[in-house]
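A short write-up of the structure that comes next.
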Amino acid sequence: MSRIIAADEAGIELAARTLQDGSLVAFPTETVYGLGAAALDPHAVRRIFEMKGRPSDHPVIVHLPLDATLEAWATPVPNLARQAAEAFWPGPLTLVLHRSDTVPDAVTGGQATVALRMPDHPVAQALLQAYGGAIAAPSANRFGRISPTRAEHVASEFHEDDLLILEGGASRIGLESTILDLSRDTPTLLRPGAVTHAMLETVLGRPVTVAGTQADVPRAPGRLESHYAPRAPTRLASADELSTPTCVEPGGALLLRDAMPPIASGVTTLRLPNDPEGYAHGLYDALRSLDAEQPSEIVIERPPTDPAWVAILDRLARASHPGGPSRTREQSATLPTASSDAKEEP
Ligand code: TXA
Ligand code: MG
């Protein structure tokens with residue numbers, strides 16, 4: 001049984017000891033909750049993959065305490081990495097760098113690079129401090145599912161597992177960190193997040209390439225087209241489409257912004273704030289709540305396309321991707337666990 005515990009002194013101590021013993025701990029960050037293991041313990045890191053149901057060649061992010069140095073994890077450390085860390089750490093930015101010899105293969109999926117992030121959440125930092133080292137952690141969801149932004153989300157993903165979960169309230173940002181690859185000739189944005197493309201170009205003083213679907217991009221589940229998907233078939237609809245009474249099928253559910261006037265009656269409807277920060281903060285919680293109703297489909301009002309919404313649009317595109325793990329209600333009734341069916345794009 002998973003267990004949510006308060007992040008007081010005793011809770012942090014217990015969690016730190018659990019990591020030292022080679023077991024896993026779920027903990028809050030400002031982006032989403034992570035499923036953590038001692039980063040230098042390959043055996044502990046492998047447990048993450050078992051628990052998530054994630055292929056073991058997928059790399060995980062190393063979370064660093066405030067006093068960590070990049071040199072301990074990366075060689076060489078380019079000046080651009082120092083500039084980015086100086087500007088955005090602690091915070092929602094992950095840097096991909098050439099790894100140093102100390103980083104276990106289990107963390108990098110055997111790749112020559114390592115992903116590093118210094119989280120900006122008091123509970124995450126208290127845990128890192130008490131544990132006394134770095135923590136490898138992916139998002140604390142089963143492979144292919146929506147990232148958790150509350151302790152209860154983690155508990156529902158892993159209710160049958162023996163997992164300690166530190167309570168940290170709702171994640172402030174609510175979307176996974178921006179991933180910037182600085183191991184290549186040009187800085188490359190692998191995953192959009194709260195640290196935007198424009199912010200990165202300003203701080204780095206040079207252009208940042210946005211990764212497409214080119215074959216040379218390292219394996220990154222966040223880049224699979226069908227990631228972050230609810231169980232119900234999910235699609236986006238414009239305000240125009242939503243103005244017709246048949247915009248959602250019977251038994252369907254709607255996710256709208258506050259500004260949208262009421263549409264279909266008798267349809268489960270959730271609303272999110274009009275501003276991108278508020279929307280991102282509530283998005284995964286809303287998708288989970290709607291999905292829990294087992295609707296025949298989830299229809300999401302298409303948000304604006306201006307740059308402030310890029311990270312949200314990225315996640316919504318994945319949540320609504322037809323190749324995703326979404327399925328009809330009939331099919332999902334025969335699939336007891338979320339992990340058994342996550343599909344990966346070729
Ligand atoms: O906000 C976040 O980043 C959260 C919190 C817990 O820190 N973590 C998170 O982890 O989203 P995860 O594993 O769900 O996504 C991390 C992404 C994956 O797409 C992974 O493949 C990619 O980072 N990644 C890790 N190491 C990499 C590397 N060496 N090169 C390229 N991508 C890498
Ligand atoms: Mg994830």
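We count ligands from 1, going down the list as the structure has it; atoms in each ligand are counted the same way. Atoms considered below: every heavy atom in the structure, side chains included; atoms not considered: hydrogens, waters and symmetry mates.
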Using a 4.0 Å heavy-atom cut-off, which part of D181 comes near ligand 1: side chain, backbone, both, or neither? neither
Contact atoms of ligand 1, heavy-atom distance to E176 under 4.0 Å: 1 (O), 11 (O)
Test salt bridge (Lys or Arg N to Asp or Glu O under 4.0 Å) applied to R3 and D162, step by step: CA-CA 8 Å; R3 189 153 60 101; D162 180 20; over 6 Å; no
Region of H63 that comes within reach of ligand 1 [heavy atoms, distance under 4.0 Å]: side chain
Show which atoms of ligand 1 fall inside a sub-4.0 Å distance from at least one heavy-atom site of G34. 6 (C)
Please give me the minimum heavy-atom distance between E301 and Y279, naming the atom from each residue. O-OH, 4.3 Å
Sub-4.0 Å heavy-atom contact, H58 with ligand 1: no
I179 heavy atoms, cut-off 4.0 Å: which ligand 1 atoms fall inside? 17 (C), 22 (C), 23 (O)
Side chain, backbone, both or neither: the part of L190 lying under 4.0 Å from ligand 1 by heavy atom: side chain
For ligand 1, which is the ligand I care about here, please tell me if S177 has any N or O atom under 3.5 Å from one of the ligand's N or O atoms. yes
Go through the steps for R150 and E167 under the test salt bridge (Lys or Arg N to Asp or Glu O under 4.0 Å), then give the verdict. CA-CA 8 Å; R150 294 174 179 275; E167 176 61 78; over 6 Å; no
Would you please test E241 and R302 for salt bridge (Lys or Arg N to Asp or Glu O under 4.0 Å) and show each step? CA-CA 10 Å; E241 292 170 274; R302 198 181 285 284; 5.1 Å; no
What atoms of ligand 1 come closer than 4.0 angstrom to any heavy atom of T113? 28 (C), 29 (N), 30 (N)
Between ligand 1 and T29, is the shortest N or O to N or O distance under 3.5 Å? no
Residue selection (non-hydrogen contact nearest atom 26 (N) of ligand 1) among A26, G174, P59: P59
Check T234 against A319 and note the closest heavy-atom contact, atom names and distance. CB-O, 3.5 Å
Taking every heavy atom of A39 against every heavy atom of A136, the minimum-distance pair comes out as CB-N, 3.7 Å
With only distance considered, is T31 within less than 3.5 Å of ligand 1 through an N or O on each side? yes
Short N or O distance, R54 and ligand 1, threshold 3.5 Å exclusive: yes
Look only at interatomic distance and state if R191 has a nitrogen or oxygen under 3.5 Å from any nitrogen or oxygen of ligand 1. yes
Could you check whether H58 and F49 have their ring centres less than 6.0 Å apart? no
Looking only at non-hydrogen atoms, find the nearest pair between W309 and R257 and report the distance. CZ2-NH1, 3.5 Å
Given R191 and D314, is the salt bridge (Lys or Arg N to Asp or Glu O under 4.0 Å) satisfied, shown in steps? CA-CA 8 Å; R191 181 172 72 184; D314 172 78; over 6 Å; no
Positive for salt bridge (charged side-chain N to carboxylate O under 4.0 Å, His left out) with E157, one of R145, K52, R288: R288
Taking 2.8 Å as the cut-off, does an N/O/S atom of S139 lie below it from the Mg ion (ligand 2)? yes
